[in-house]
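What follows is one structure encoded as structure tokens, with my remarks underneath.
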Amino acid sequence: MTPTLTPPAGTVAGPAADERCDRCSAAGKLRLTLAGGSELVFCGHHANRYAEDLVKITFFTTDGSPEALKLSREIRARKLGDLAPSSTFLVIAGLAGPDLKVEIEGEAVGAA
Ligand SMILES: [Zn+2]
């Protein structure tokens with residue numbers, strides 16, 4: 001079995017109007033919750049502009065296999081390169097939907 005973090009085709013709905021990048025209106029890939037509770041949505045391009053502000057990443061997953069841990073490390077390295085925010089890998093009983101395999105939460109300081 002090959003672990004994957006991509007939901008099967010047809011299981012992901014297109015972004016709603018409030019899931020568009022607040023900078024360029026492209027499909028949203030990252031939702032930031034600000035200290036006051038308001039939210040910002042960014043596309044992958046604009047989300048990457050804040051990568052250096054990440055201080056913590058938490059992977060929530062239902063797959064506690066060594067392969068899943070290895071994959072999470074590979075994804076972090078591919079997306080963040082030499083950036084090294086604090087990182088936690090948590091195996092939990094379930095996510096919001098049965099098709100979901102992972103949720104990644106990031107905390108940034110100084111962004112937005
Ligand atoms: Zn954008």
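Both ligands and their constituent atoms are indexed starting at 1 by order of listing. Sequential numbering from 1 along the given sequence is applied to the chain's residues.
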| query | NZ of K29 to SG of C21: how many Å apart, nearest 0.5 Å? | reply | 11.5 Å

| field | Pairwise side-chain contact, C24 with H45, heavy-atom cut-off 4.5 Å (strictly under) | value | no

| query | Side chains of L54 and L83: closer than 4.5 Å at any heavy-atom pair? | reply | no

| query | About how many Å separate CG of L90 and OG1 of T62, when rounded to the nearest 0.5 Å? | reply | 12.5 Å

| field | Nearby protein N/O/S atoms (those under 2.8 Å) for the Zn ion (ligand 1), with water ignored | value | C21 SG, C24 SG, C43 SG, H46 ND1

| Side-chain donor-acceptor pair present, D63, T61, cut-off under 3.5 Å | no

| request: To the nearest 0.5 angstrom, please state how far the OG1 atom of T88 sits from the CZ atom of F60. | output: 8.5 Å

